[in-house]
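Reviewing the structure listed below.
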Amino acid sequence: MDQKVKQPNIFKRAFAKRGMGQVITVFFGLIVLCLVFNIVNPNFLGERNIPNLFRQFAPFLIVGIGQSFVLITGNIDLSIGSVLGMSCMTSATLMCNGWHPLAACLLTMVICVLTGFINGTLVAGCKLPPFIATLGTMQVARGIAQMVNNNMNTNSIGEFAGAFRDFFYYGRFLWFYNTFWIAVVVWIIFNFILSQTRTGRHLYAIGSNIDAAKLSGVSVYWTTTKAYLVSAACAGLVGLIQCATTGTGTMDAGLSYEMYAVAASVIGGVSTLGGQGILLGTVVGAGVWSVLSNGLQFAGVAVGPRNVIIGVIVVLSVLVDVVARSGRFSRKPKA
Amino acid sequence: MEGISKQFPGVKALDNVSFHLKGGEVMALLGENGAGKSTLMKILSGVYQKDAGTIRVFGESVENLSPKKAQELGIAIIHQELNLCPHLSVAENIFLGREKVGALRRLSQREMNREAGKILENLRIDLAPTTMVGNLQVSKQQMVEIAKALSTNARVLIMDEPTSALTAKEIEELFRIIRQLRDEGRGIVYISHRLEELQHIVDSVTILRDGQFVAEMPFKDVTLNEIISYMVGREIKEKFPRVTCPVGKKIFEVKHLNAGRMVRDVSLELHEGEIVGIAGLMGAGRTETTRAIFGIDRKESGEIILDGKPITINKPIDAIRAGISLAPEDRKRDGLCTKLSIRDNIALPNLDIVSGPLTTVNMRKVNRMSDEAVRNLQIKLPNTLVDAGSLSGGNQQKVVVGKWLARNSRVVIFDEPTRGIDVAAKVEIYHLMNRLKQNGIGVLFVSSELPEILGISDRIIVMCDGRITGELDVKEATQERILELATQFEKKIQTA
């Protein structure tokens with residue numbers, strides 16, 4: 001009766017936490033990257049570029065968080081980029097038409113969240129394959145982005161919404177740009193939900209074994225929909241940031257951002273098969289992505305080679321983890 | 001045919017194990033879960049590499065065995081979980097990876113179908129080579145696996161738990177085929193937990209325990225009890241521990257439940273202090289009944305009464321809230337999130353208990369709950385943070401049970417709780433059910449194994465074809481009586 005249950009100490013627990021191993025590895029890789037870029041161009045870690053780097057990092061992190069939520073449930077959201085574009089165009093058009101920025105933002109977010117709701121209902125309610133369902137909404141959202149201003153990019157919103165652009169883009173707080181702080185707040189909220197609440201547990205359970213989760217009383221529909229809501233809300237928020245960044249609504253805003261989001265998640269150890277990964281991983285994943293694009297730019301690499309290098313590094317980083325994992329497998333003590 | 005022997009000194013999983021298999025012999029490889037049977041077979045079929053020792057096939061020493069090389073040597077393995085492509089035909093599955101091609105490397109379907117047909121006919125299996133494998137029953141799929149092995153001209157056939165998903169009649173058919181293969185001079189390694197089956201088929205036994213070789217002997221020289229004590233390393237005093245306690249008031253009742261074709265007009269009741277067994281053949285509607293009660297499948301009509309109050313159960317969460325738990329039949333598919341930790345698995349249905357305001361999960365409570373479950377059920381594990389999938393079958397089952405016992409249920413439904421787990425773990429599960437019974441919790445126990453139904457339950461309900469065909473007190477129940485009830489099929493309307 002008196003079998004002792006071993007509990008590892010807190011330090012070991014932190015490391016044993018699922019996915020922590022990869023997060024640490026990638027984090028060191030990220031530091032090495034930064035140092036290399038700094039050697040190539042000492043301005044990379046200069047006083048001017050660091051806040052800038054963090055500002056570029058924020059959109060990647062936010063969409064990455066959204067995609068991570070969906071990936072953890074074992075699904076995928078391809079509509080992120082289009083929802084981002086839709087958000088950018090809608091908010092810009094409204095502001096150009098004299099709406100108060102706050103009202104414009106609110107309405108935009110409502111529309112985006114609605115898209116997430118539709119995604120969730122299609123995937124978990126109608127049982128469509130997530131790839132197909134979100135491919136459809138991706139096309140629709142992009143179409144809406146083109147429709148709202150009659151297939152034209154909007155004029156500058158600058159004269160209508162100075163405060164809006166300050167809040168999302170120009171403003172600074174404690175040396176860093178607001179954009180970065182927004183990402184921090186978003187991360188804190190969603191990391192809390194994912195790691196500390198029941199909803200979080202349900203997300204992991206669904207991604208790990210949907211039948212077992214169902215039999216344990218988890219509502220698959222609601223939990224999946226929640227993940228898509230988070231994803232769409234994140235995409236919408238980045239759309240607003242994008243709008244403030246360029247100062248106009250661009251129809252092509254957020255093109256292929258859904259894939260950047262997948263990359264950020266996967267580099268950080270979120271499994272595309274579901275059930276695995278932590279948001280700390282998404283942070284380092286998004287970090288790698290933004291450091292690469294910014295750093296290569298600083299190093300004077302042209303767009304073409306830049307994309308090639310980024311692609312190769314993304315695949316390599318995941319490959320390293322796969323190899324490391326298979327190594328761990330063979331050390332498994334008994335069958 | 002010569003024997004095979006090998007040794008693996010110094011490894012944890014297998015320590016200096018050896019065995020010999022002659023042609024024309026069926027050898028049972030026995031041992032508890034985690035004894036190293038699977039590892040041994042994986043080495044033999046080339047999936048794992050051995051660290052030491054020698055493998056000799058037909059007298060020749062073999063090194064660096066790979067799955068492909070094993071196949072060339074004529075070693076074939078049929079896994080417990082079948083490895084077939086459901087969307088391909090029988091013939092395509094049989095020749096998967098070795099497809100026959102004609103001119104321009106075009107697949108010659110006709111030849112494959114003919115060859116496959118020949119093999120199936122040889123085995124006297126009634127199966128068209130063009131059927132989709134996904135449309136076949138498990139038993140037929142297994143035949144396809146056997147045919148696939150024979151198509152590679154396998155002379156050593158390893159079968160891992162081949163009967164675990166078969167009905168009595170299908171098992172007989174399988175045994176006929178095994179005997180035929182034996183008579184053709186092939187060697188067969190037969191792995192099973194169902195010791196009762198061995199007498200029909202086995203010529204010799206090899207027993208492993210904790211990765212060590214224990215004994216090897218002709219089957220006729222040992223009794224089942226000796227085999228069990230070899231496997232466990234100690235005498236198991238009672239195979240079916242029975243506890244009697246006074247039967248109290250009625251706690252749970254199902255009235256005229258209908259749900260699809262497999263659950264028709266099912267009524268049953270459950271009292272405090274008793275275990276009610278549900279017996280029946282495969283496909284009798286037992287699992288479907290539990291699923292309907294638990295709200296997984298839609299009910300058409302029927303009433304469920306708990307503690308005198310009628311309750312509605314439309315979704316599993318309704319059942320859980322009302323105090324009904326279900327430990328499902330297929331633990332890998334329905335019971336566990338194998339990639340999550342044991343701690344998270346145990347907490348999953350109980351998050352309402354362990355979470356505070358803002359639905360934050362209180363880790364201290366989760367740890368306490370999982371530690372308690374591990375202690376109570378004596379689950380053997382390194383710590384509660386390891387993946388649930390890394391445990392052995394018996395311990396996985398205990399986790400499934402543990403996650404439900406952590407909340408105070410009024411009724412616990414066990415669906416085949418002892419499938420695929422070893423003798424000692426079975427007894428622990430029985431003890432656990434007895435403990436629940438003594439605490440006044442109603443236990444509903446579905447099982448295909450008549451000895452355990454007879455050994456553990458106080459009352460036995462027999463189902464056939466979606467209906468309840470009889471109810472027996474354990475004192476008057478016998479295997480024959482149950483089987484008779486379990487085969488009371490409805491008379492189909494006959495056109496004169």
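By convention in this document, chain letters (A, B, ...) are assigned in the order of the sequence lines, proteins followed by strands, and residues within each chain are numbered from 1. Bear in mind the structure is a predicted one, so any value in this text is a computation, not a measurement.
Taking every heavy atom of both residues into account, A:Phe192 and B:Thr360 meet most closely at CZ-CG2, 2.9 Å. Scanning all heavy atoms of the two residues, the minimum distance from A:Gly217 to B:Ile317 falls at O-CD1, 3.3 Å. For the residue pair A:Leu215 and B:Ile320, the shortest heavy atom distance occurs at O-CD1, 4.0 Å. Shown here for A:Ser208 and B:Lys339, the closest heavy-atom pair between the two residues is OG-N, 3.6 Å. Nearest heavy-atom pair across B:Val361 and A:Thr197 is CG2-C, 3.6 Å.
The neighbour count for B:Lys299 NZ, taken as heavy atoms of other residues, nucleotides or ligands under 6.0 Å away, is above 12. Counting non-hydrogen atoms of other residues, nucleotides and ligands closer than 6.0 Å to CZ of A:Phe131 gives a total of 12 or fewer.
Within the 4.5 Å cutoff, no side-chain heavy atoms of B:Leu340 are placed close to those of A:Gln276. With contacts defined as side-chain heavy-atom distances shorter than 4.5 Å, the pair A:Tyr204/B:Asp344 does not qualify.
Interface residue B:Thr338: only backbone heavy atoms are found under 4.5 Å from chain A.
In terms of modelled atom types and a separation under 3.5 Å, the side chain of A:Asn209 and the main chain of B:Leu336 share a donor-acceptor contact.
Remark: A:Lys214 NZ to B:Lys315 NZ distance equals 13.0 Å, nearest 0.5 Å.
Taking chain A as the reference chain and counting heavy-atom pairs below 4.5 Å, the highest number among B:Asp352, B:Asn362, B:Val400, B:Ile296 is found for B:Asp352. Among the candidates B:Pro316, B:Gly295, B:Cys337, B:Gly335, the residue making the largest number of heavy-atom pairs closer than 4.5 Å to chain A is B:Cys337.
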